[in-house]
Amino acid sequence: MSSSTQTRPRVEQVRGSEPSKALRRSGDWARRAPLLPALIFVILMTQLPFVATLVISFMNWNAYYPDERGFTGFDNFVRVFTDTNTRQAVLVTIVLTVSVVLVSLVLGLGIALLLDRKFRGQGVVRTMMITPFLIVPVAAALLWKHALYNPEYGLFNGLLTKVFGDNAPQPDWITNNPLLAIIAALVWQWTPFMMLILLAGLQSRPLDVVEAARIDGANAWQIFRSMTLPHLRQYIELSGLLGAIYVVQNFDHVFTITSGGLGTANLPYFIYQTFYTAQDYGRASAAGVVVVIGTIIIATAALRTAFSLFKES
């Protein structure tokens, strides 16, 4: 048999595969086409405003001085990193985020360990524990500011009067401890979020291994330290990172409880103040870009942790 007759079937196979590839491509586009309007909508609503913010961050644009508007390079970013008020806002943001995440993690882990046991009314208790996380942030901040912290009719001072009598101290909780007041309100709202993730991690433990450890004589503390905590490590990382993404952007509690006063202005409130009060659009945009970049870094770490959980499962 000649070489021409041997190569002819191969050529026909190649020609036959080309229509199949074309059909496969057309099928892929047919499946993706319904998603194009949603993709275009997302780009228009998220990416274009960010691009506009990025452009404005390189401009000297203050509404009080409209004639001085122009390109200024990296001056706005230099001012963001060198200004005293900005550094104070960055410090408050770090303290607020770290405190809320750590305290919420510890409380969420304790509550998750309690709810992991079987008892009567378990479903009702779990639902009630999740409720603070479902409240609108502004409503939660108003609740703490007026119903709990108010020195005249707040619940905290009412409890002090109930316990210690009419001569009980009536502190102004927000004025005396402004940052702690915000931290307490945020911890109350974010502890259920941590509890949900950690409870899911607890319920994914291999119970046969835990039971075997108990039969071998391990006590509750040894099981928790050597088995439960290593198993929950990535769940703790995921909940901490996701909590940090949201808490670092918190604006509602700072604005509602203290209005950024008494040294409680974080970066989101600083951006709001720079944009609406000082009317410095360029500097506010530069600060916003810095916050977005920091949030992207945290979100990338959170996604890597989440993907590692999926790989293990």
Discussion item. Quick check: closest heavy atoms across Pro171 and Pro151, and the distance to 0.1 Å?
Written reply: O-CB, 3.9 Å
Practice prompt. Could you give me the CA-CA distance, side-chain angles and deciding distance for Trp190 and Val247, then say whether side-chain contact (heavy atoms from CB on, under 4.5 Å) is met?
Written response: CA-CA 9 Å; Trp190 282 98; Val247 176; 4.1 Å; yes
Worksheet item: Looking only at atom types and distance, does a side-chain atom of Gln249 sit under 3.5 Å from a main-chain N or O of Ile245, one as donor and one as acceptor?
Response: yes
Worksheet entry | Joint cluster assignment, Val289 & Phe81, ILVMFWY side-chain distance < 4.5 Å | yes
Worksheet entry | Trp188 backbone acceptor or donor facing Thr191 side chain under 3.5 Å | no
Worksheet entry | Cluster link Val138 to Ile174, ILVMFWY, side chain under 4.5 Å | no
Fill in: Contact check, side chains of Ile183 and Val103, non-hydrogen atoms, under 4.5 Å
no
Discussion item. Between Leu48 and Ile56, is there shared hydrophobic-cluster membership here, with clusters defined by ILVMFWY side-chain heavy atoms closer than 4.5 Å?
Written reply: no
Worksheet item: Are Phe224 and Leu229 side-chain neighbours, meaning at least one heavy-atom pair lies under 4.5 Å?
Response: yes
Worksheet item: For Leu105 and Leu198, which heavy atoms make the closest approach, and how far apart are they?
Response: O-CD1, 4.0 Å
Worksheet item: If only atom types and distance count, is the side chain of Asp116 paired as donor or acceptor with the main-chain N or O of Ala112 below 3.5 Å?
Response: no
Fill in: Verdict with reasoning, Asn62 to Arg69, per side-chain contact (heavy atoms from CB on, under 4.5 Å)
CA-CA 7 Å; Asn62 192 311; Arg69 185 172 60 185; over 6 Å; no
Item to complete: Could you tell me whether Arg283 and Asp83 have a side-chain N and a carboxylate O separated by less than 4.0 Å?
Response: yes
Item to complete: Please determine, by modelled atom types, if Tyr235 and Glu237 share a side-chain donor-acceptor pair under 3.5 angstrom.
Response: no
Worksheet entry | Member of Val100, Leu179, Thr264, Asn266 meeting the side-chain contact (heavy atoms from CB on, under 4.5 Å) criterion with Val95 | Leu179
Worksheet item: Heavy-atom distance under 4.5 Å between the side chains of Leu102 and Val106, does that happen here?
Response: no
Discussion item. Does the plane of the ring in Trp173 sit parallel, tilted or perpendicular to the ring in Phe156? Use 30° and 60° as the thresholds.
Written reply: perpendicular
Worksheet item: How far apart are the closest heavy atoms of Met194 and Gly240, and which atoms are they?
Response: SD-N, 4.4 Å
Item to complete: Begin from the C-alpha positions of Ile111 and Met129 and carry the test side-chain contact (heavy atoms from CB on, under 4.5 Å) through to its verdict.
Response: CA-CA 9 Å; Ile111 297 172; Met129 292 302 303; 3.4 Å; yes
Worksheet item: Do Leu202 and Leu114 sit in the same hydrophobic cluster, where Ile, Leu, Val, Met, Phe, Trp and Tyr count as joined when their side-chain heavy atoms come under 4.5 Å apart?
Response: no
Fill in: Enclosure of Phe74 CZ (heavy-atom neighbours >12, cutoff 6.0 Å)
no
Fill in: Members besides Tyr64 in its Ile/Leu/Val/Met/Phe/Trp/Tyr cluster (side-chain heavy atoms under 4.5 Å)
Tyr65
Worksheet item: How long is the span from the NZ atom in Lys145 to the CD1 atom in Ile182, to the nearest 0.5 Å?
Response: 10.5 Å
Worksheet item: Are Phe71 and Phe77 grouped together when hydrophobic residues (ILVMFWY) are joined by side-chain heavy atoms under 4.5 angstrom apart?
Response: yes
Discussion item. Apply side-chain contact (heavy atoms from CB on, under 4.5 Å) to residues Phe119 and Val125 and explain how you reach the verdict.
Written reply: CA-CA 10 Å; Phe119 56 90; Val125 174; 3.8 Å; yes
Item to complete: Assess the side chains of Gln170 and Thr161: does a donor N or O sit below 3.5 Å from an acceptor N or O?
Response: yes
Worksheet item: What is the minimum heavy-atom distance between Ala168 and Leu160, and which atoms define it?
Response: CB-O, 3.2 Å
Worksheet item: Asn76 and Ala286: which non-hydrogen atoms are nearest, and at how many Å?
Response: CB-CB, 3.7 Å
Worksheet entry | Euclidean distance, Ser226 OG relative to Trp221 CH2, rounded to 0.5 Å | 9.0 Å
Worksheet item: Under 3.5 Å, is there a donor-acceptor pair between the side chain of Thr258 and the main chain of Pro178?
Response: no
Discussion item. Rounded at 0.5 Å granularity, tell me how far CG in Leu96 sits from NE2 in His253.
Written reply: 9.5 Å
Between side-chain atoms of residues 269-276 and protein atoms elsewhere (two or more places apart, or another chain), which donor-acceptor pairs fall under 3.5 Å?
residue	atom	partner	partner atom	Å
Tyr269	OH	Ser259	O	2.6
Thr274	OG1	Phe270	O	2.7

Worksheet item: Under 6.0 Å from the CG atom of Asn219, do we count more than 12 heavy atoms belonging to anything else shown?
Response: yes
Worksheet, complete the sentence: Output for pair (Trp144 CH2, Asn150 CG), nearest 0.5 Å, gives 14.5 Å
Worksheet item: For Ser204 and His231, does a side-chain donor sit closer than 3.5 Å to a side-chain acceptor?
Response: yes
Worksheet item: Which value, rounded to the nearest 0.5 Å, describes the distance between Ser99 atom OG and Leu186 atom CG?
Response: 10.5 Å
Worksheet item: Between Arg79 and Asp280, does at least one N-O distance fall below 4.0 Å, as a salt bridge requires?
Response: yes
Fill in: Considering all heavy atoms, the nearest Tyr149-Ala181 contact
OH-O, 2.8 Å
Item to complete: To the nearest 0.5 Å, tell me how far Leu199 CG sits from Leu232 CG.
Response: 10.0 Å
